[in-house]
Amino acid sequence: MSLSAPSEQSALDVDDLHVTFGNPRRGSLIRAVDGVSFSVRRGEIFGVIGESGSGKSTLGRCLVGLLSPSGGGVLHDGIDPFKFSRSELNRHRRKYQIVSQDPNAAFDPRMTILQSICEPLNIAGEGTKAERREKAFAMLDRVSLSAEMANRYPHEISGGQKQRANIARALMLDPNVIVCDEVVAALDVSIQADMLNLFARLQEQFGLTYVFISHDLRVVSHISDRVAVMYFGKIVEVGPAHAVIETPLHPYTEALRSAEPEIDPTAADARQRIILQGEIPSAIAPPSGCRFHTRCPRVRDICRTQEPPQRELLPGRHVACHFAEEMLGEKERRSLGLAERNAAHQGAAAQGAEMM
Amino acid sequence: MQQLAETTMAGQDTLLDIQNLTLSLRDQSGWVEVLNNVSLSVKPKEILGVVGESGCGKSMTALSILRLLPPRDSRLGGKILFGGQNLAACSESQMNRIRGRHISMIFQEPMSALDPVFTVGYQIEETLQRHFKLSRREASERAIAALNSVGIASPRHVATLYPMNLSGGMRQRVMIAMALVCEPRLLIADEPTTALDVTIQAQIMDLLLGLADRTGTAIMFITHNLGLVAQSCHRMVTMYAGQVVEGGPVRDVIAGPRHPYTAGLLHSIPDSNRARGTLPSIAGRVPSLRHMPKGCRFGPRCSYSMQPCELPQSIENEGVEDVDRREVRCNRWEELALRGVGA
């Protein structure tokens with residue numbers, strides 16, 4: 001199932017990861033992350049897209065060791081952090097930071113921004129007090145916050161400024177990987193653009209690896225090299241960001257893209273709108289077969305009973321759908337030698353349409 | 001109130017006409033001006049988009065129309081004409097007959113707009129019984145029909161549930177059912193889909209526009225999502241720092257914005273068709289209410305700002321009345337010739 005063999009280039013290797021909550025005996029087991037595999041190269045920006053309840057935040061927390069996996073594993077640069085003792089894990093985790101969505105909840109209201117930013121170094125016991133302060137001011141500068149912000153309290157600065165301070169704090173321990181969980185969701189568009197630029201700049205300056213989690217297709221596709229689309233605890237599609245957004249291979253990705261409001265009126269006219277019916281199903285009783293079948297516009301009988309395996313349909317593009325071939329353009333089909341089966345597929349598609 | 005609806009129907013070409021609306025609010029440190037000379041209009045059955053960042057006065061305009069501001073700590077100036085009646089001068093009892101019946105509102109966070117201790121069915125019935133002479137049974141039937149019309153599969157069951165039993169998308173459907181149950185002439189939708197996932201957002205927008213079309217309700221749609229405006233509105237206005245800075249037909253504004261703020265908002269949205277790289281952004285933030293810049297309020301953040309911008313900017317109108325009318329609050333719009341999105 002591993003999407004690419006663990007190599008020396010990988011910053012993160014996720015193999016068949018499961019995270020569950022609740023108690024199976026009481027019938028309340030929730031599989032928040034249910035068999036997810038991917039790897040992230042060093043210096044790569046890996047996007048994760050999904051709706052609320054898809055398990056993307058649980059995945060993010062598990063990647064940095066804030067949650068332990070219930071099955072499968074995560075390798076940090078080839079090292080398994082969950083084999084460590086508590087204190088070793090705490091030390092190791094410094095290089096794997098997470099920045100979360102709500103900057104208002106991320107700061108202690110009784111500490112100044114400077115005190116909050118120095119906190120990671122205080123806990124790690126690194127440097128003298130003067131060195132910590134010096135580093136904090138350097139980081140504030142990197143995130144374009146003026147030094148006068150340092151002595152303010154969280155309520156005295158704006159949401160965008162708080163999110164910058166939040167990033168500065170994550171950078172204090174010179175991390176290798178930063179998981180960005182909905183970092184721009186709470187911000188206005190103009191500030192959001194500023195933040196995305198900042199993330200891109202910091203990535204270059206520090207050679208960081210990001211896992212960029214968001215529900216916003218535009219945001220993820222703008223910043224990421226590769227993206228994974230999550231639905232109900234599983235990855236339904238992985239591939240290069242541009243390809244996944246432009247020519248989705250999974251009906252869910254296609255629906256997400258179509259649900260995104262289009263600004264350019266000519267592009268909006270050209271596009272076929274798909275409005276998914278229903279909501280994400282109950283986490284306690286997941287649907288049988290393909291988990292998307294309850295909302296999928298292309299659903300057939302097999303989808304209700306058999307779970308589609310994940311496969312590499314095109315080089316570097318993995319998808320978990322029985323009928324992903326139907327989503328391919330003419331050119332890709334020919335390259336896969338599918339041209340002859342074209343007619344048969346169209347027949348099947350027509351049948352599917354009747355069933356709907 | 002019946003006459004009001006009729007005068008509105010009787011060929012008047014504006015449903016809501018806000019003229020030079022000024023709003024001041026009072027807090028511990030005294031009065032502060034929140035809205036400055038806001039003028040905008042909504043025609044019957046029209047969908048008007050109102051865009052701008054947080055703190056630009058979008059929601060304050062909506063709350064002023066419905067007079068939902070604390071009477072002691074707010075001061076309204078100018079006129080809010082609705083079907084010929086000036087809402088800014090209406091008494092509380094007159095307003096009570098208008099709210100929910102002729103103008104209703106949907107809020108961003110449905111959980112805080114619904115009462116947690118009553119069933120959703122009861123809350124819809126309450127709205128109906130307030131405005132129409134109906135028996136409990138009739139009201140209950142109409143409430144169930146309303147829940148059915150917003151695509152709720154088992155309305156009889158859902159009517160007996162409390163808001164906490166429903167998902168965010170379902171709550172917003174209930175809010176829409178409640179807002180449209182009296183078939184109002186105007187619906188104010190304040191960020192109705194911001195708290196929802198994109199696929200649910202698409203469902204809710206589709207539903208809202210379909211229902212409004214059927215009942216002939218006009219919508220004042222407040223959002224920061226320009227994509228939604230492009231997709232669903234006829235005309236739009238951009239608000240900045242308590243003022244309207246641009247207005248016009250949606251397609252024209254998006255293809256050729258005239259105010260640098262509208263252009264900035266348009267270009268700061270990541271676009272998958274555009275090459276990856278630095279996103280254009282608007283430096284700085286909305287000025288604080290107590291420290292408004294002199295002259296153009298957008299001046300300190302505007303990349304085109306120059307000497308004449310320190311003069312107060314007035315709204316310039318252009319185009320024939322109604323359909324293609326455009327307005328802009330920028331003295332330099334002609335020489336700037338800003339770039340839009342699309343054709």
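Computed from a prediction, not measured in an experiment: that's the story for all the values here. Letters A, B, ... are given to chains in the order of the sequence lines, protein chains preceding strands, and every chain is numbered from 1.
- Counting non-hydrogen atoms of other residues, nucleotides and ligands closer than 6.0 Å to OH of Tyr304(B) gives a total of 12 or fewer.
- Under the ring-ring contact (aromatic ring centres under 6.0 Å, His included) criterion, Phe199(A) pairs with Tyr210(A), Phe212(A), sequence neighbours left out.
- Atom CZ of Arg171(B) is surrounded by more than 12 heavy atoms from other residues, nucleotides or ligands within 6.0 Å.
- At a threshold of 4.5 Å between non-hydrogen side-chain atoms, the residues Leu217(A) and Val198(B) do not count as touching.
- Contact detail for Ser281(B) and Ser190(A): the closest heavy-atom pair is CB-O, 3.7 Å.
- For Ser258(A), no part lies near chain B; criterion is any non-hydrogen pair under 4.5 Å.
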* Using the side-chain contact (heavy atoms from CB on, under 4.5 Å) rule, take Gln192(A) and His224(B) through it: C-alpha gap first, then chi angles, then the decisive distance, then the call. => CA-CA 12 Å; Gln192(A) 181 177 310; His224(B) 64 269; over 6 Å; no
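- Here the closest non-hydrogen pair linking Leu196(A) and Pro270(B) is CD1-CG, 3.9 Å.
- Counting heavy-atom pairs closer than 4.5 Å to chain B, the top-ranked of the candidates Asn197(A), Ile274(A), Ile191(A) is Asn197(A).
- Atoms CG and CG, on Leu266(B) and Asp264(A) in that order, are 10.5 Å from each other to the nearest 0.5 Å.
- Both the backbone and the side chain of Glu53(B) come within contact range of chain A, judged by heavy atoms closer than 4.5 Å.
- The two residues Glu260(A) and Gln231(B) come nearest to each other via the heavy atoms O-OE1, 4.4 Å.
- Interface residue Ile275(A): only side-chain heavy atoms are found under 4.5 Å from chain B.
- The CZ atom of Arg295(A) lies 4.0 Å from the OG1 atom of Thr199(B); values are rounded to the nearest 0.5 Å.
- Closest approach of Leu276(A) and Gln203(B) over heavy atoms only: O-NE2, 2.6 Å.
- Contact annotation: the side chain of Met205(B) never approaches that of Pro261(A) to less than 4.5 Å [non-hydrogen atoms, C-beta and beyond].
- Between the side chains of Asp197(B) and Ser52(A), at least one donor N or O sits under 3.5 Å from an acceptor N or O.
- Counting only residues at least two apart or on different chains, the salt bridge (Lys or Arg N to Asp or Glu O under 4.0 Å) pairs with a member in residues 182-200 of chain A are Lys56(A)-Glu182(A), Arg164(A)-Asp194(A).
- Within the model, atoms CG of Leu198(A) and OG1 of Thr278(B) stand 11.5 Å from one another, a figure rounded to the nearest 0.5 Å.
- Interface remark: Arg201(A) contributes no atoms to any contact with chain B (heavy atom separation under 4.5 Å).
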